[in-house]
Amino acid sequence: MPWRPQPNDRFYRFIVRTGLALHRLFGIRVIITGREHLPPPGALNGPSRRVVPGQGAVVAITHFGYLDFAFAELALWWNSRAEMRYLVTQGAADHWFAGPAISAAGHVVVPYGPGSGAYDAAVAKLREGEIIAVLPEAGVSRSFTVRDCKTGAVRMAAEAGVPLIPVSVWGAHRLMTRRHGFSPRRAWRAPVRIHVGRPLLPAHLPGPAQDAQPATEELRRVLQAGIDTAIADFPLTPPRGAWWMPAHLGGGAPTEAERRQLDRAEGPRRAGGRRVKQAGPQ
């Protein structure tokens, strides 16, 4: 049985401080707009935000690369010293190195198959005043446009009666994403642009008997609008055909149609985190 330590705020703060150190080491420029939509700082419990019932939130983050979540965490940390609890996959939790860190940071693990247990645990944390972070696209969007989102973020926020805060991250995928590993050269003084959209408030979220899809599509639209805002004033001019730019802006990323085809060919995940290859036409 792999080692799984109990959640520890000191460990979480160590991870944040490590991220801050790397941010300073590489001179990464993080540009944030929409700060007024983030949760207010409130009272602090030592060096961290105090968890108070009624002050929770769901933070929905775009997913173009493997470091988007880290920059979203830094934005929340700078704003309110918040320790976000992420919904993470069972595959990540089973990893020999990442698993203990995920456990110590107090994140919520979504098991293979139906994830109702994780959903209930996340809603309970939200009601206690925690901030739960979700990557609603459920996978990296290799087209670098916001793909269809799962309804879980909307349903959790609605059930817990907390706001749903959209956070769009642009530029972090240049540092590390699918088929493009971490490059110190690209990371040196790299800009990362974060836009926080207007929250979807509980009064505007669907009730238990209502369809969550329209609100989820609105979330996708707001996330994409945040990406468009971030691209518009991104302080780096891409060359024509740059791999990190979406196709509709002249970049080399797959189109949406190509992205869907690639996703279908890759197949769904199975236990152990491996992909199930889809059979081709007979």
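Hydrogens, waters and symmetry mates play no part in the numbers below; they use all other heavy atoms, side chains included.
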List the atom of [X], the atom of [Y], and the distance in Å for their closest heavy-atom pair.
X: D233; Y: A230; answer: OD1-O, 3.2 Å
X: L236; Y: P191; answer: CB-CG, 4.1 Å
X: R186; Y: G181; answer: NH2-O, 2.7 Å
X: V192; Y: V169; answer: CG1-CG1, 4.1 Å
X: I28; Y: A187; answer: CG1-O, 3.6 Å

Find out whether [X] and [Y] are in side-chain contact, i.e. whether some heavy atom of one side chain is under 4.5 Å from a heavy atom of the other.
X: L74; Y: F69; value: no
X: Y66; Y: R178; value: yes
X: L76; Y: P39; value: yes
X: R127; Y: P53; value: no
X: I227; Y: T145; value: no
X: I165; Y: V58; value: no
X: M84; Y: W77; value: no
X: P136; Y: L223; value: yes

Checklist line | Neighbour count >12 (heavy atoms, 6.0 Å) for atom CD, E258 | finding: yes
Next item on the list: For Q6, look at atom CD and say whether over 12 heavy atoms of other residues, nucleotides or ligands are found less than 6.0 Å away.
Entry: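 Result for CD/Q6: open.
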Note to self: Looking at H63 and G65, would you say the former's side chain and the latter's main chain have a donor-acceptor pair under 3.5 Å?
What the structure shows: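 Yes, H63 side chain to G65 backbone: donor-acceptor pair under 3.5 Å.
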Note to self: Keeping Y119 on the side-chain end and R155 on the backbone end, is there a donor-acceptor pair under 3.5 Å?
What the structure shows: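 Checking the backbone N and O of R155 against the side chain of Y119, a donor-acceptor pair under 3.5 Å is found.
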Next item on the list: Classify the angle between the aromatic ring planes of W170 and F144 as parallel (below 30°), tilted (30 to 60°) or perpendicular (above 60°).
Entry: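 Ring orientation of W170 relative to F144: perpendicular.
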Check: Going through the distances and angles, do R220 and E137 end up as a salt bridge (charged side-chain N to carboxylate O under 4.0 Å, His left out)?
Finding: CA-CA 9 Å; R220 191 207 65 78; E137 296 169 88; over 6 Å; no
Output a table of donor-acceptor pairs, distance under 3.5 Å, between side-chain atoms of residues 194-214 and any protein atom two or more places apart or on a different chain; print 'none' if there are none.
| residue | atom | partner | partner atom | Å |
| --- | --- | --- | --- | --- |
| H195 | ND1 | T33 | OG1 | 2.7 |
| Q210 | OE1 | G207 | N | 2.5 |
| D211 | OD1 | Q213 | N | 3.0 |

Notebook entry, point to check: In the hydrophobic clustering that connects Ile, Leu, Val, Met, Phe, Trp and Tyr at side-chain heavy-atom distances below 4.5 Å, which members other than I15 occupy its cluster, ordered by chain and number?
Noted result: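 Direct or chained contacts put I15 with F11, F14.
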Determine whether [X] and [Y] fall in the same hydrophobic cluster, where Ile, Leu, Val, Met, Phe, Trp and Tyr are linked whenever their side-chain heavy atoms lie under 4.5 Å apart.
X: I132; Y: V51; result: no
X: V16; Y: I32; result: yes
X: Y12; Y: L87; result: no
X: V162; Y: M156; result: yes

I'd like to know if [X] pairs up with [Y] as an ion pair, taking the criterion as any Lys NZ or Arg NE/NH1/NH2 lying under 4.0 Å from an Asp or Glu carboxylate oxygen.
X: R142; Y: E266; answer: yes
X: E256; Y: R147; answer: no
X: R221; Y: E218; answer: yes

Next item on the list: For salt bridge (charged side-chain N to carboxylate O under 4.0 Å, His left out), just list the numbers for D9 and R85, CA-CA rounded to whole Å, side-chain angles, deciding distance to a tenth of an Å, and then say yes or no.
Entry: CA-CA 11 Å; D9 284 352; R85 311 302 177 188; 3.5 Å; yes
Next item on the list: With sequence neighbours left out, write down each residue that passes salt bridge (Lys or Arg N to Asp or Glu O under 4.0 Å) with E73, or none if nothing qualifies.
Entry: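 For E73, no residue satisfies salt bridge (Lys or Arg N to Asp or Glu O under 4.0 Å) once neighbours in sequence are set aside.
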Item checked: Candidate pair S141 and R259, rule side-chain hydrogen bond (donor to acceptor under 3.5 Å, both in side chains), full reasoning -> CA-CA 8 Å; S141 175; R259 193 270 302 164; 4.5 Å; no
